[in-house]
2 protein chains.
Amino acid sequence: MALLWRGGEQPEEVRPGPKPALSVDVIVEAAIEVADREGMAALSMRKVGERLGRTGMALYTYVPNKGELIDLMYDRVLAELPTKYDVSAGWRPAVASWAGHTLDFYLRHPWVLQVSQARPVLGPNEFAALESVVAILRGTGLGPRRTRGVVALLFDFVRGAARTVTESRLAPSATGVSDEEWWRTRSHLLEEVAPGFAERYPMVAWVESQDDEAGEDDTFTMGLNVLLDGLEATIAKG
Amino acid sequence: MALLWRGGEQPEEVRPGPKPALSVDVIVEAAIEVADREGMAALSMRKVGERLGRTGMALYTYVPNKGELIDLMYDRVLAELPTKYDVSAGWRPAVASWAGHTLDFYLRHPWVLQVSQARPVLGPNEFAALESVVAILRGTGLGPRRTRGVVALLFDFVRGAARTVTESRLAPSATGVSDEEWWRTRSHLLEEVAPGFAERYPMVAWVESQDDEAGEDDTFTMGLNVLLDGLEATIAKG
DNA sequence: GACAATGCCTTACGGCATAAGGCTATCAGC
DNA sequence: GCTGATAGCCTTATGCCGTAAGGCATTGTC
């Protein structure tokens, strides 16, 4: 917690003992690289230490434990998000832009989705991220209560969409099988193991049938538009 | 995979060797109890084995590995969900009812939220759950593509809401501190560590200010209504 | 009774977070 | 330059985890 909010530079008091060769910052950076590349499950103190030419235990000089390291990673990476959005064209394009940036962010750092969200880590950049959406919604005339609800809805949607994308990306790469191949194999298995699938689950069969609609935009954009329409209706109702 | 779809009873061929004292079903049941009570992180083969008076290794006679056990737990627990919703009053109350049931379900089994969702486990009850929402939406006239998008949005919203609730419940109980106390301590720390918080994050301060609106319904109901309004608009637009 | 198969066990390996204690480089004060 | 304290980093150890390997006793068929 204190580490999260530590100011620019500490007074740098002169102390006996060897100079620190590492720093909280380089450790956090190395840890983020590991998590970005290999995922949260593969993140271990030893691995981060090795990347810095140290043992895992060396990190405990700088960081009290793995949990706090993750908090630091989380807040650090949140700094990538824009903090201001142009609302001159209204809240709608601004929210759409926010959603897009936030989705990209989660796709860049999928492990972030595994950091607790209900109980926020409460770092400076987390508040900044929250600040940016609320600032957009401020112009809608919604009260704080409704704004909170809408913010939660927006975050849930974006995070859910990100989770869907990243999880479907991760699973096959682990086994070295292509995505398409994976689905084909799965379908074959399904037919073998559950004959009469289409009769048993007619709605599922229908919903997964070939597209009959025009429109090339993806699931994300679609869901976002539904959501924005709902927001518009909510605002209109006062 | 085969275990997921295994039919009612196997032919029960007579085999040499000791009679199995356990079964896949009792193992899955025991594992669910552990996960419900102590969370996914505390679920281990040894712990499930102990609950059944066995070692952890004994389970490997019935289940190939932990991952498949989790798949089985997942599909088993999904059987709790209703499969049919009354659409005689229109899709809106039916979807609302579905969302409520599904939220309760996730709150009952929070660990389910940690089972991969993009790459579904593809068990029978997962398809049944999907079938139930799509059946409701079938009456709206939406095509398969849009329906898919709406289903994703609905699931993302409900899962996000559930995650928010369960994670905020879990964190303090682990430390033995009450929820309220936790927030107060956190606030104190924040003031100490980040003076001028309200000036730095004016929007956050505003959105977290006291309620000025009437209405006693919670964040979930609010978000759901926004979402349903959006769905209504989408349907109206054809 | 011989033999094969099976449920369950113990042991072992390599991973994890992290507590404890030791070595050594580096400082302040003498 | 020496002494003593301190801090960075190490090795070692503890107790978890999933699971591979191999052993033993029970239970069936012939």
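All chains are named by letter (A, B, ...) in the order of the sequence lines, taking the proteins before the strands, and each is independently numbered beginning at 1. Reckoned from all heavy atoms, side chains included, excluding hydrogens, waters and symmetry mates. This one's a predicted model, so the numbers in the text were calculated from it and none came from an experiment.
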Closest to the side chain of B:S44, out of C:dC8, C:dA17, D:dC17, is D:dC17
Here the distance between atom C1' of D:dG8 and atom CG of A:L22, to the nearest Å, is 9 Å
Whole-Å distance, A:I70 CD1 to C:dA17 C1', equals 11 Å
- Query: Which part of the nucleic acid, if any, lies within reach of B:L43 when heavy atoms closer than 4.0 Å are counted: base, sugar-phosphate only, or nothing?
  - Reply: sugar-phosphate
Heavy-atom nearest nucleotide on DNA chain C taken for B:R46 and for A:Y60; more 5' hit belongs to B:R46
May I ask you to verify if any side-chain N or O of B:Y62 is less than 4.0 angstrom from the OP1 or OP2 atom of C:dC8? yes
Rounded to whole Å, the CD-P distance (A:E68 to C:dA17) equals 15 Å
Between CD1 of B:I27 and P of D:dG18 the distance, given in whole Å, is 14 Å
What is the ring orientation for A:W111 with A:H109, classed by angle as parallel under 30°, tilted 30 to 60°, or perpendicular over 60°?
-> perpendicular
Looking only at C:dT10, D:dG18, C:dA20, the nucleotide nearest the B:K66 side chain is D:dG18
Rounded to whole Å, CE of B:M40 lies from P of D:dG18 at a distance of 11 Å
| query | Is B:R51 close to B:V34 at the side-chain level, that is, under 4.5 Å between some pair of heavy atoms? | reply | yes
B:N65 CG to D:dA21 P, in whole Å, measures 15 Å
Comparing B:G56 with B:P18, nearest DNA chain D nucleotide closer to 5' gives the residue B:G56
When rounded to whole Å, the CG to P distance for the pair A:L59 and C:dA17 reads 10 Å
Separation of C:dC9 atom C1' from B:L52 atom CG, nearest Å, is 16 Å
Side-chain atoms of A:K19 come closest, of C:dC16, C:dC8, C:dC27, to C:dC27
Are A:K47 and A:E38 side-chain neighbours, meaning at least one heavy-atom pair lies under 4.5 Å?
yes
Correct closest heavy-atom pair for B:Y106 and B:A162 would be CB-CB, 3.5 Å
query = So, is B:T55 near the phosphate of C:dC8, with a side-chain N or O under 4.0 Å from OP1 or OP2?
reply = no
Report task. Return the orientation label for the B:F220 and B:F157 ring planes: parallel under 30°, perpendicular over 60°, tilted otherwise. Result -> parallel
Worksheet item: Ignoring hydrogens and angles, does a donor from either the side chain of B:R15 or the base of D:dT29 sit under 3.5 Å from an acceptor on the other?
Response: no
* Could you check whether A:M57 gets within reach of a base, just the sugar-phosphate, or nothing at all, counting any heavy atom under 4.0 Å? => base
